[in-house]
Amino acid sequence: MSSDSITTPLTSRQKDTNMDKTGMSEKDIFSTVLVHCLLIIISPILTFFVFNFWIFSGLGLEAMTNNIYSAFAAVVVLHIALANFIYRAYHNTETIPGFDKLDKED
Amino acid sequence: MASTENPIYGPFFGVMGAASAMVFSALGAAYGTAKSGTGIAAMSVMRPELIMKSIIPVVMAGIIAIYGLVVSVLIAGSLQSPQDGYSAFQGFLHLGAGLAVGLSGLAAGFAIGIVGDAGVRGTAQQPRLFVGMILILIFAEVLGLYGLIVAIYLYTKK
């Protein structure tokens with residue numbers, strides 16, 4: 001492969017990153033990642049404290065049991081949020097067409 | 001009044017447990033974030049469209065810190081003064097729980113950092129590596145989860 005044909009896909013790649021065929025612009029990607037990261041950080045903490053007060057007042061459990069249920073709930077919510085993010089990242093990011101071919105020729 | 005059952009130094013161990021749970025897991029998470037962050041920065045120069053996929057190691061390193069936070073909050077919530085019946089045994093249990101989640105988190109963070117760095121750079125060249133990278137990251141992450149489970153188990157002992 002000549003140096004010419006290496007630089008040509010590079011420039012078209014740069015154009016593609018701003019608006020490729022699924023319409024994920026720079027702003028879309030940023031907002032998606034931001035929302036998911038905030039969800040992953042905030043949701044377990046919120047779950048812990050909401051469960052802590054909700055179960056405690058609702059069921060009248062002992063403080064220790066209450067804490068442990070809340071901790072497990074927080075960890076489960078955390079993993080659901082993480083799995084959601086990985087699913088989104090796996091399915092909604094597209095590779096640039098022709099990149100695999102470019103790799104093989106290198 | 002502090003007694004032989006509830007000595008004055010009992011809460012020291014509990015406090016150290018709460019602190020070490022947070023400190024060590026934050027160390028692991030920071031290393032994981034920094035190491036995989038350098039990989040992401042190097043990779044994104046050529047393949048900026050893969051940013052969203054390559055953020056995953058950073059997110060997983062952040063989760064390690066949340067494990068430490070959970071255990072730390074649990075321990076801190078049950079700390080008492082020796083006069084209120086905080087025994088030395090409880091202090092030892094809390095220290096053990098804190099060290100379990102803290103050092104497991106440190107190990108998991110190291111693993112996530114190294115795997116994330118190499119995995120992200122590799123994914124830029126061969127996109128099929130992504131599934132493998134996620135699997136390895138999950139196995140690294142699970143090490144921290146084991147620490148969390150043992151810590152909560154220790155915490156529930158009376």
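Being a predicted model, the structure only gives us computed values, none of them experimental. Reminder, nothing fancy here: chain letters follow the sequence lines and each chain counts from 1.
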Selection from B:L145, B:T156, B:V71, B:L69 maximising heavy-atom pairs under 4.5 Å formed with chain A =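 The residue among B:L145, B:T156, B:V71, B:L69 with the greatest pair count is B:T156.
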As an exercise, state the distance from [atom1] of [X] to [atom2] of [Y], rounded to the nearest 0.5 Å.
X: B:I51; Y: A:I29; atom1: CD1; atom2: CD1; result: 8.0 Å
X: B:M52; Y: A:I86; atom1: CE; atom2: CD1; result: 11.0 Å
X: A:H79; Y: B:E141; atom1: NE2; atom2: CD; result: 5.0 Å
X: B:I55; Y: A:H36; atom1: CD1; atom2: NE2; result: 13.0 Å
X: B:Y155; Y: A:N67; atom1: OH; atom2: CG; result: 4.5 Å

Name the region of [X], side chain, backbone, both or neither, that has any atom closer than 4.5 Å to a heavy atom of chain A.
X: B:I66; result: side chain
X: B:Y67; result: side chain
X: B:V73; result: side chain

Do [X] and [Y] sit in one hydrophobic cluster, given that two such residues count as connected whenever their side-chain heavy atoms are within less than 4.5 Å of each other, even indirectly?
X: B:Y31; Y: B:L137; result: no
X: B:L129; Y: B:F139; result: no
X: A:V76; Y: B:V101; result: no
X: B:V150; Y: A:L78; result: no
X: B:V142; Y: B:V70; result: yes

Exceeds 12 heavy-atom contacts within 6.0 angstrom, atom CD of B:E5 | no
Got more than 12 heavy atoms from elsewhere within 6.0 Å of OH, A:Y69?
->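 Atom OH in A:Y69 is not packed in, count stays at 12 or less.
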Which answer fits A:F30, side chain, backbone, both or neither, if we ask what part of it has an atom under 4.5 Å from a heavy atom of chain B?
->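 A:F30 has no heavy atom closer than 4.5 Å to chain B.
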Please state whether the side chain, the backbone, both or neither of A:I40 comes within less than 4.5 Å of a heavy atom of chain B.
->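 Contact with chain B: backbone and side chain both.
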Would a 4.5 Å heavy-atom cut-off, applied to side chains only, mark B:L74 and A:F48 as touching?
->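 B:L74 vs A:F48: side chains touch.
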After noting the C-alpha distance and the side-chain angles of A:Y90 and B:I134, does the key distance pass the side chain to side chain contact (heavy atoms under 4.5 Å, CB included) rule?
-> CA-CA 10 Å; A:Y90 186 63; B:I134 293 297; over 6 Å; no
